[in-house]
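The structure under discussion appears below in the form of structure tokens.
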Amino acid sequence: GQTLAETRLGKTLRGHRQSIYLATKYGRYGVDEFDFSRKRILRSVDESLSRLQTDYLDLLQAHDIEFADMRQIAEEAIPTMLEIKAAGKARFIGISSYQLRIMAKLARSQPIDTALSYCRSNLLADDADRMLVPALQAAGVGLLNASPLHMGILTPEGPPDWHPASVAVREAGAAVVKLCHAHNFSPMAVALRLCLDHSYPASTLVGMSSPEQVEVNLGALTLQLEPDFIYQLQKAVAPVKNCVWPSGLPENADGVYCENQAL
């Protein structure tokens with residue numbers, strides 16, 4: 001989990017802190033455990049700083065805010081983060097969510113620096129362009145685009161069993177993988193390349209658990225895709241493009257979900 005990851009990262013950071021952009025998050029502490037209170041935020045940050053063996057974070061994020069009351073985020077969580085920022089414990093503050101409208105609203109009304117969106121700006125979804133990016137641009141808020149592989153759907157292994165996407169979305173992902181292999185491309189590199197070509201996100205976040213995956217991700221930086229191949233990919237996912245799933249409190253939802261979701 002995050003605790004072990006921070007502890008291991010803290011050991012790695014020794015002597016290298018100034019060359020690292022360090023981001024962490026708070027708010028979700030288990031599958032169904034959320035706490036965005038001032039007391040818990042302050043404690044969480046101090047715990048993270050201790051595990052990371054540093055006295056400041058580059059970015060502190062309120063995570064999975066769709067599971068919170070938006071009044072608490074606006075009136076308690078963000079003011080607390082601003083305190084932490086003023087104290088020098090965080091250089092920048094941000095929010096993260098699967099739901100886009102709540103982040104757009106907060107960007108318009110709160111002094112945040114970043115918004116992290118996942119599974120909403122990749123080959124299978126681009127509704128962040130319409131529902132989130134305009135608000136971020138107007139407010140000067142940076143976008144972090146996570147899950148370019150749609151949480152495993154755009155991989156040869158396919159998504160984990162718990163993945164909330166519909167059967168149709170999974171099948172579209174498998175079709176993309178097959179198409180990439182037919183053209184001798186890594187589907188992961190292709191998916192990442194398409195995200196890197198997006199002009200607005202400040203960064204695209206991708207996980208790596210082996211040296212081989214590091215090499216694949218680096219290969220995406222120089223990968224060149226022909227327009228006809230991109231068209232074939234887009235055609236394969238068109239029937240399920242922007243097919244989203246429920247996440248968080250109902251009042252924070254973006255809108256109507258696709259049918260046949262695997263819940």
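As a basis for the values below, the full set of heavy atoms in this structure was taken, side chains included, without hydrogen atoms, waters or symmetry mates. Predicted, not measured: the structure shown is a model, and the values here were computed from it. Throughout, numbering of the chain's residues begins at 1 and tracks the sequence.
Taking hydrophobic clusters as Ile, Leu, Val, Met, Phe, Trp and Tyr residues chained together by side-chain heavy-atom distances below 4.5 Å, Leu42 shares a cluster with Ile73. Linking ILVMFWY residues whenever their side-chain heavy atoms come closer than 4.5 Å, directly or via other members, leaves Leu249 and Met131 in distinct clusters. Using a 4.5 Å cut-off between side-chain heavy atoms of Ile, Leu, Val, Met, Phe, Trp and Tyr, with links allowed through other members, Val190 and Leu196 fall into different hydrophobic clusters. Transitive grouping of hydrophobic side chains (ILVMFWY, heavy atoms separated by less than 4.5 Å) keeps Leu143 and Leu192 in distinct clusters. The hydrophobic cluster containing Leu123 does not contain Val177, counting ILVMFWY residues as joined when their side-chain heavy atoms lie under 4.5 angstrom apart, directly or transitively.
Remark: Glu83 engages Arg38 in a salt bridge (Lys or Arg N to Asp or Glu O under 4.0 Å) (not counting sequence neighbours). Under the salt bridge (Lys or Arg N to Asp or Glu O under 4.0 Å) criterion, Asp129 pairs with no residue, sequence neighbours left out. Among residues two or more places apart in sequence or in another chain, the salt bridge (Lys or Arg N to Asp or Glu O under 4.0 Å) test is passed with Arg101 by none. Applying the side-chain contact (heavy atoms from CB on, under 4.5 Å) test to Ile230 and every residue at least two apart in sequence or in another chain returns Leu194, Leu225, Gln234. Residues satisfying the salt bridge (Lys or Arg N to Asp or Glu O under 4.0 Å) criterion with Asp35, sequence neighbours excluded, are absent altogether.
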Residues 206-213, side-chain donor-acceptor partners within the protein, below 3.5 Å, at least two apart:
residue	atom	partner	partner atom	Å
Ser209	OG	Gln213	OE1	3.1
Ser209	OG	Gln213	NE2	3.3
Ser210	OG	Glu212	OE1	3.4
Ser210	OG	Gln213	N	3.2
Gln213	OE1	Ser209	N	2.8

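Using a 4.5 Å heavy-atom cutoff, the side chains of Pro160 and Met151 are not in contact. Under the 4.5 Å side-chain criterion, counting only non-hydrogen atoms from C-beta, Arg40 is in contact with Arg43.
No side-chain donor-acceptor contact under 3.5 Å links Ser50 to the backbone of Glu47. For the pair Arg51 (side chain) and Ala5 (backbone), a donor-acceptor distance under 3.5 Å is absent. Using modelled atom types, no side-chain atom of Ser121 and backbone atom of Ser117 make a donor-acceptor pair closer than 3.5 Å. The backbone N or O of Ala68 sits less than 3.5 Å from a side-chain atom of Asn252, completing a donor-acceptor pair. In terms of modelled atom types and a separation under 3.5 Å, the side chain of Ser97 and the main chain of Gln99 share a donor-acceptor contact.
A salt bridge links Asp126 with Lys241: the closest approach of a Lys/Arg side-chain nitrogen to an acidic carboxylate oxygen falls below 4.0 angstrom. Salt-bridge check for Asp46 with Lys89: passed, with a basic side-chain N closer than 4.0 Å to an acidic carboxylate O.
Each of Asn145, Val244, Leu132 was checked for a side-chain contact (heavy atoms from CB on, under 4.5 Å) with Arg120, and the lone residue meeting it is Val244. A side-chain contact (heavy atoms from CB on, under 4.5 Å) with Leu124 is found for exactly one of Val176, Val237, Leu149, Asn242, namely Val237. A side-chain contact (heavy atoms from CB on, under 4.5 Å) with Ile95 holds for exactly one of Ile65, Thr114, Ile102; it is Ile65.
With rounding to the nearest 0.5 angstrom, the CG atom of Leu106 is 9.0 Å from the CE atom of Met103. Here CG of Leu100 is found 15.0 Å from NZ of Lys105. Values are rounded to the nearest 0.5 Å. Note: Cys243 SG to Asp127 CG = 10.5 Å, rounded to the nearest 0.5 Å. Note that CZ of Arg108 is 9.5 Å distant from CG of Leu136, once rounded to the nearest 0.5 Å.
Grouping Ile, Leu, Val, Met, Phe, Trp and Tyr by side-chain contacts under 4.5 Å, direct or through others, puts Leu205 with Tyr21, Leu59, Phe92, Leu116, Leu144. Grouped with Val31 in a hydrophobic cluster is no other residue, since no side-chain heavy-atom contact under 4.5 Å to another Ile, Leu, Val, Met, Phe, Trp or Tyr is found.
Residue pairs meeting the ring-ring contact (aromatic ring centres under 6.0 Å, His included) criterion with at least one partner in residues 106-156, sequence neighbours excluded, are Tyr98-Tyr118, His150-Trp245. Judged as a ring-ring contact (aromatic ring centres under 6.0 Å, His included), the pairs with a partner in residues 168-200 (not counting sequence neighbours) are, in order, His183-Phe229, Phe185-Phe229. Among residue pairs with one or both ends in residues 9-30, those qualifying as salt bridge (Lys or Arg N to Asp or Glu O under 4.0 Å) are Arg17-Asp58, Arg28-Asp64; sequence neighbours excluded. Evaluation of the ring-ring contact (aromatic ring centres under 6.0 Å, His included) test over residues 50-82, restricted to residues two or more places apart or in two chains, returns Phe34-Phe67.
The local environment of CZ in Arg8 is sparse, with at most 12 non-hydrogen atoms from other residues, nucleotides or ligands closer than 6.0 Å. No more than 12 heavy atoms of other residues, nucleotides or ligands sit less than 6.0 Å from atom CD of Glu226.
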* Report the C-alpha distance between Val169 and His163 in whole Å, list the side-chain angles of each, state the deciding distance to 0.1 Å, and finish with yes or no for side-chain contact (heavy atoms from CB on, under 4.5 Å). => CA-CA 11 Å; Val169 172; His163 202 294; 6.0 Å; no
* Asked: Stepwise, does the side-chain contact (heavy atoms from CB on, under 4.5 Å) test hold for Ile112 with Val141?
  -> CA-CA 7 Å; Ile112 59 174; Val141 174; 4.2 Å; yes
* **Evaluation steps, side-chain contact (heavy atoms from CB on, under 4.5 Å), between Ile93 and Gln61** => CA-CA 6 Å; Ile93 62 170; Gln61 300 164 101; over 6 Å; no
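Between the side chains of Glu76 and Ser37, no donor-acceptor pair is found at a separation under 3.5 Å.
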